[in-house]
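Here the structure comes first, spelled out in structure tokens, and everything after it is commentary.
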There are 2 protein chains.
Amino acid sequence: MPGRTIGDIAKRTGTRAETIRYYERIGLLPAPARTGGNYRAYDEGHLGRLSFIRRARDLGFPLDAVRELLSLADRRDRSCAAVDAIARQHLAEVERKIADLGVLRDELAGIIGQCRQGTIADCRIIEALAPHPPGGTTRLNRPDRCAER
Amino acid sequence: MPGRTIGDIAKRTGTRAETIRYYERIGLLPAPARTGGNYRAYDEGHLGRLSFIRRARDLGFPLDAVRELLSLADRRDRSCAAVDAIARQHLAEVERKIADLGVLRDELAGIIGQCRQGTIADCRIIEALAPHPPGGTTRLNRPDRCAER
DNA sequence: TATGGACCCTGTAGCCACTACAGGGTCAAC
DNA sequence: GTTGACCCTGTAGTGGCTACAGGGTCCATA
């Protein structure tokens with residue numbers, strides 16, 4: 001047989017077959033040859049490229065960045081400054097997210113720590129979310145019928 | 001005029017009008033009365049509920065959790081154990097994300113630190129992504145035409 | 001030779017939480 | 001009466017897949 005099946009490279013790279021077809025559809029992975037029965041037949045080049053995509057994704061690079069990294073990887077004589085820039089930008093993004101989530105965690109932990117396990121009426125968590133009622137009892141307006149589908 | 005416009009409560013809560021209409025569509029915010037010109041006319045209850053949603057979202061609660069929190073907030077005599085559970089679950093999720101991103105950050109930083117700003121051919125970042133070529137030159141298979149729209 | 005089951009194919013729709021139009025209507029000020 | 005800011009509905013798009021539905025292919029076994 002003249003190549004690997006999609007299930008084979010899926011197993012080898014830890015990627016689902018649907019995802020591989022998706023990568024082909026969006027032009028990230030080149031369309032492979034087909035067998036007589038219309039099965040995709042991948043070669044080593046595909047396997048390498050898919051591994052690359054997979055590792056980049058595991059490192060959290062968005063697909064656009066992966067696309068750029070792939071096209072940069074092909075120009076072996078060029079400077080890798082562009083590669084460095086993409087990676088640094090992603091690192092900065094990851095660090096920003098960590099910082100944001102840290103703030104969130106502290107806020108949440110602070111709110112939860114105040115909960116005395118009483119009734120909802122004096123629950124600190126609800127209180128932290130509800131707009132502090134000036135008159136004492138601001139009713140939250142709830143939907144009478146759910147508009148879902 | 002018999003109520004606030006959508007633009008008004010949008011401004012007051014820092015939510016976009018489209019988002020408010022979206023919340024109405026999915027049954028999170030009750031449909032308000034309408035004016036003669038078919039404009040939505042919100043009351044204080046709506047404003048309170050939207051503020052609640054907004055704060056919960058700012059704390060990162062997914063909409064399903066917000067929905068539950070809202071329905072719990074209405075039963076003032078019940079125990080707030082369920083509220084506490086939702087909040088703790090969310091906190092755990094946030095902490096998990098922080099941990100995951102921390103691992104990612106360290107990996108990225110390690111890779112980037114090795115970049116010597118030379119050519120792509122010996123770029124450590126590309127090397128970290130590419131499958132270590134056994135024969136020396138494994139070409140990454142790139143798509144000849146991009147299948148995009 | 002029949003058949004079962006594991007795999008493969010295409011195409012479409014769904015997930016989350018919005019966001020961005022297109023194509024129109026309303027309202028108040030000038 | 002006309003401008004411009006707002007409002008309406010409905011649909012489609014975002015990222016990165018994932019999950020079908022409804023079929024076809026391939027190979028081993030009975």
Side-chain angles (χ1 to χ4, degrees), chain A residues 1-29 31-42 46 50 53-70 90 93-94 97 100 104 147-149, chain B residues 1-29 31-42 46 50 53-70 90 93-94 97 100 104 147-149:
Chain A
M1 61 187 67
R4 305 173 184 279
T5 64
I6 198 169
D8 189 5
I9 67 161
K11 223 170 285 170
R12 265 164 210 276
T13 61
T15 315
R16 289 165 159 265
E18 292 96 330
T19 305
I20 299 173
R21 283 191 282 256
Y22 168 72
Y23 288 161
E24 181 183 325
R25 208 162 60 238
I26 65 170
L28 206 57
L29 196 62
R34 296 288 179 125
T35 66
N38 201 30
Y39 282 20
R40 286 170 178 83
Y42 295 96
H46 290 100
L50 182 56
I53 294 169
R54 179 72 210 192
R55 291 187 212 190
R57 289 292 300 132
D58 282 348
L59 285 168
F61 285 97
L63 287 184
D64 273 0
V66 176
R67 207 185 283 273
E68 282 205 69
L69 287 172
L70 275 166
H90 178 48
E93 183 67 16
V94 170
K97 274 186 196 159
D100 285 357
L104 210 61
E148 225 133 0
R149 55 164 19 261
Chain B
M1 60 185 69
R4 303 171 184 280
T5 64
I6 198 169
D8 188 5
I9 67 161
K11 224 170 284 167
R12 266 165 209 276
T13 61
T15 316
R16 289 166 160 266
E18 291 96 330
T19 305
I20 298 173
R21 283 191 283 255
Y22 168 72
Y23 288 160
E24 180 182 326
R25 207 163 61 239
I26 65 170
L28 206 56
L29 195 62
R34 296 289 179 125
T35 67
N38 202 29
Y39 282 21
R40 286 171 178 82
Y42 294 96
H46 289 100
L50 182 56
I53 295 168
R54 178 72 210 193
R55 289 186 214 188
R57 289 292 301 132
D58 283 348
L59 285 169
F61 286 97
L63 287 185
D64 272 1
V66 176
R67 207 185 284 272
E68 283 205 67
L69 287 172
L70 275 167
H90 178 47
E93 183 66 17
V94 169
K97 275 187 193 158
D100 285 356
L104 209 62
E148 227 135 359
R149 35 174 33 256

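A, B, ... follow the sequence lines: proteins, then strands. Residue 1 opens every chain. Computed from a prediction, not measured in an experiment: that's the story for all the values here.
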Send over the distance from [X] [atom1] to [N] [atom2], rounded to a whole Å.
X: B:Y42; N: D:dC8; atom1: OH; atom2: C1'; result: 11 Å
X: B:E24; N: C:dA17; atom1: CD; atom2: P; result: 19 Å
X: B:I6; N: C:dT26; atom1: CD1; atom2: C1'; result: 15 Å
X: A:N38; N: C:dC7; atom1: CG; atom2: C1'; result: 14 Å
X: A:R4; N: C:dC7; atom1: CZ; atom2: C1'; result: 17 Å
X: B:I26; N: C:dC18; atom1: CD1; atom2: P; result: 8 Å
X: B:Y39; N: C:dA28; atom1: OH; atom2: P; result: 9 Å

Quick one: does [X]'s side chain get under 4.5 Å of [Y]'s, heavy atoms only?
X: A:R12; Y: A:Y42; answer: no
X: B:Y39; Y: B:I6; answer: no
X: A:E24; Y: A:P32; answer: yes

Locate the shortest heavy-atom distance separating [X] from [Y]; write the atom from each residue and the value.
X: B:T15; Y: B:T13; result: OG1-OG1, 2.8 Å
X: B:L104; Y: A:D58; result: CD1-O, 3.3 Å
X: B:N38; Y: B:R34; result: O-NH1, 3.0 Å

Could you walk me through whether B:Y22 and B:L63 satisfy the side chain to side chain contact (heavy atoms under 4.5 Å, CB included) test, starting with their C-alpha distance in whole Å, then the side-chain angles of each, then the deciding distance to 0.1 Å, before giving a yes or no? CA-CA 12 Å; B:Y22 168 72; B:L63 287 185; 3.9 Å; yes

End-to-end axis angle, where each axis spans five pairs of the helix from C:dT1-D:dA30 to C:dC30-D:dG1, to 10°: 30°

Is any side-chain N or O of A:R40 closer than 4.0 Å to OP1 or OP2 of C:dT10?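 Checking C:dT10 against A:R40, a side-chain N or O does come within under 4.0 Å of OP1 or OP2.
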
Can you find a side chain N or O atom of B:R34 that sits less than 4.0 Å from OP1 or OP2 on D:dT9?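 Indeed, a polar side-chain atom of B:R34 lies that close.
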
Distance-only, no hydrogens or angles: does the B:H90 side chain make a donor-acceptor pair with backbone N or O of B:L59 under 3.5 Å?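 It does hold such a pair.
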
Hey, what are the protein-to-nucleotides 16-20 of chain D N/O distances that come in under 3.5 Å?
unit_1, atom_1, unit_2, atom_2, d
D:dG16, OP2, A:L63, N, 3.3
D:dG16, O3', A:R57, NH2, 3.3
D:dC17, OP2, A:Y23, OH, 2.8
D:dC17, OP2, A:R57, NE, 2.7
D:dT18, OP2, A:T19, OG1, 3.2
D:dA19, OP2, A:R16, NH1, 3.3

Can you list the steps and then say if B:K97 with A:K97 is a side chain to side chain contact (heavy atoms under 4.5 Å, CB included)? CA-CA 9 Å; B:K97 275 187 193 158; A:K97 274 186 196 159; over 6 Å; no

